[in-house]
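Worksheet: the structure to be examined is printed underneath.
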Amino acid sequence: MQPQTQNAFRALADPTRRDIVQMLAAQDMTIAQLTERFDMTRAAVKKHLTVLSDGGLITVETRGRERINRLEPQGMAPVLDWFSYFDQFWDERLNKLKEAIERKQK
């Protein structure tokens, strides 16, 4: 597994980070806005954002004194690629099973 894929999975492994991803899918937010929605310190939210950034799932833009966190949809591509392999794998397996059952019924 590629390092970028591993970092993305690591970022998505935590329920708080998955919640942050969902919030950022709806709108860009500052650390302060995100902190208001969780029962944790600003420093803890910042750590979660760092992991999401390292995973390529968010980008951070500095506007004056604010740091705006934005979902990076392309960051999900390695995860989706990994899952699509198994989607195809199971499609092929189930098709073979279906064919075997149909041959047996004839």
Side-chain angles (χ1 to χ4, degrees):
M1 188 179 294
Q2 298 289 340
Q4 186 62 29
T5 305
Q6 290 176 337
N7 289 341
F9 271 104
R10 178 176 174 250
L12 293 170
D14 184 87
T16 299
R17 291 192 288 269
R18 290 192 304 268
D19 288 345
I20 291 171
V21 166
Q22 286 184 308
M23 289 176 197
L24 294 177
Q27 69 181 50
D28 299 346
M29 300 176 83
T30 64
I31 295 172
Q33 290 170 318
L34 286 164
T35 301
E36 291 172 0
R37 298 182 182 212
F38 293 99
D39 186 24
M40 64 179 71
T41 65
R42 180 182 174 97
V45 171
K46 173 68 174 130
K47 285 182 184 181
H48 284 296
L49 292 171
T50 299
V51 174
L52 289 168
S53 180
D54 291 347
L57 301 175
I58 67 167
T59 56
V60 182
E61 176 189 344
T62 302
R63 286 190 208 150
R65 293 176 50 180
E66 291 186 321
R67 294 174 49 86
I68 310 299
N69 299 279
R70 176 177 294 121
L71 181 66
E72 185 58 52
Q74 285 301 100
M76 292 286 190
V79 174
L80 295 174
D81 290 346
W82 191 85
F83 277 114
S84 71
Y85 167 81
F86 287 100
D87 191 36
Q88 182 179 359
F89 171 83
W90 284 112
D91 282 347
E92 290 172 8
R93 290 287 176 120
L94 292 173
N95 283 336
K96 287 179 182 179
L97 177 61
K98 179 183 173 193
E99 291 168 7
I101 291 170
E102 288 172 350
R103 277 194 306 271
K104 209 170 199 179
Q105 290 177 346
K106 289 182 181 180

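Just so you know, these numbers use all the heavy atoms, side chains as well, and skip hydrogens, waters and symmetry mates. Not measured: the values here are computed from a predicted model.
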If you look at every heavy atom in [X] and [Y], which pair is closest and at what distance?
X	Y	answer
Ala11	Leu52	CB-CD2, 3.9 Å
Thr5	Pro78	OG1-CB, 3.3 Å
Arg63	Glu61	NE-OE2, 3.2 Å
Val79	Ala8	CG2-CB, 3.6 Å
Gly64	Thr62	O-CG2, 3.5 Å

Honestly curious: do [X] and [Y] fall in one hydrophobic cluster under the side-chain, below-4.5 Å linking rule?
X	Y	answer
Met23	Val51	no
Leu34	Met40	yes
Phe83	Leu94	no

Item to complete: Tell me, yes or no, whether the heavy-atom count around Gln27 atom CD, taken from other residues, nucleotides or ligands under 6.0 Å, exceeds 12.
Response: yes
Worksheet item: Does Arg18 CZ have over 12 foreign heavy atoms under 6.0 Å away?
Response: yes
Rounded to the nearest 0.5 Å, what's the gap from [atom1] on [X] to [atom2] on [Y]? Could you check?
X	Y	atom1	atom2	answer
Glu102	Leu97	CD	CG	10.0 Å
Leu12	Met76	CG	CE	5.0 Å
Thr41	Lys46	OG1	NZ	12.5 Å
Thr59	Arg67	OG1	CZ	10.5 Å
His48	Ile20	NE2	CD1	6.0 Å

Worksheet item: Is the closest side-chain heavy-atom distance between Asn69 and Gln33 below 4.5 Å?
Response: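 SC-SC contact between Asn69 and Gln33 ruled out.
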Worksheet item: Do the non-hydrogen side-chain atoms of Thr30 and Ile68 ever get within less than 4.5 Å of each other?
Response: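 Yes, close enough: below the 4.5 Å cut-off.
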Taking [X] for its side chain and [Y] for its backbone only, find out whether a donor-acceptor pair lies under 3.5 Å.
X	Y	answer
Arg17	Arg10	yes
Arg70	Ile58	no
Ser84	Asp81	yes
Ser53	Leu49	no
Gln4	Gly55	yes

Worksheet item: Looking at residues at least two apart in the chain, or sitting in another chain, which of them share a ring pair (Phe, Tyr, Trp, His ring centres under 6.0 Å) with Phe38?
Response: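 Phe38: no ring pair (Phe, Tyr, Trp, His ring centres under 6.0 Å) contacts found.
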Practice prompt. Could you check Glu99 against Arg103 for side-chain contact (heavy atoms from CB on, under 4.5 Å), going step by step and ending with a plain yes or no?
Written response: CA-CA 6 Å; Glu99 291 168 7; Arg103 277 194 306 271; 3.7 Å; yes
Item to complete: Evaluate the criterion side-chain contact (heavy atoms from CB on, under 4.5 Å) for residue pair Arg37 and Asp19; output intermediate values, then yes/no.
Response: CA-CA 10 Å; Arg37 298 182 182 212; Asp19 288 345; over 6 Å; no
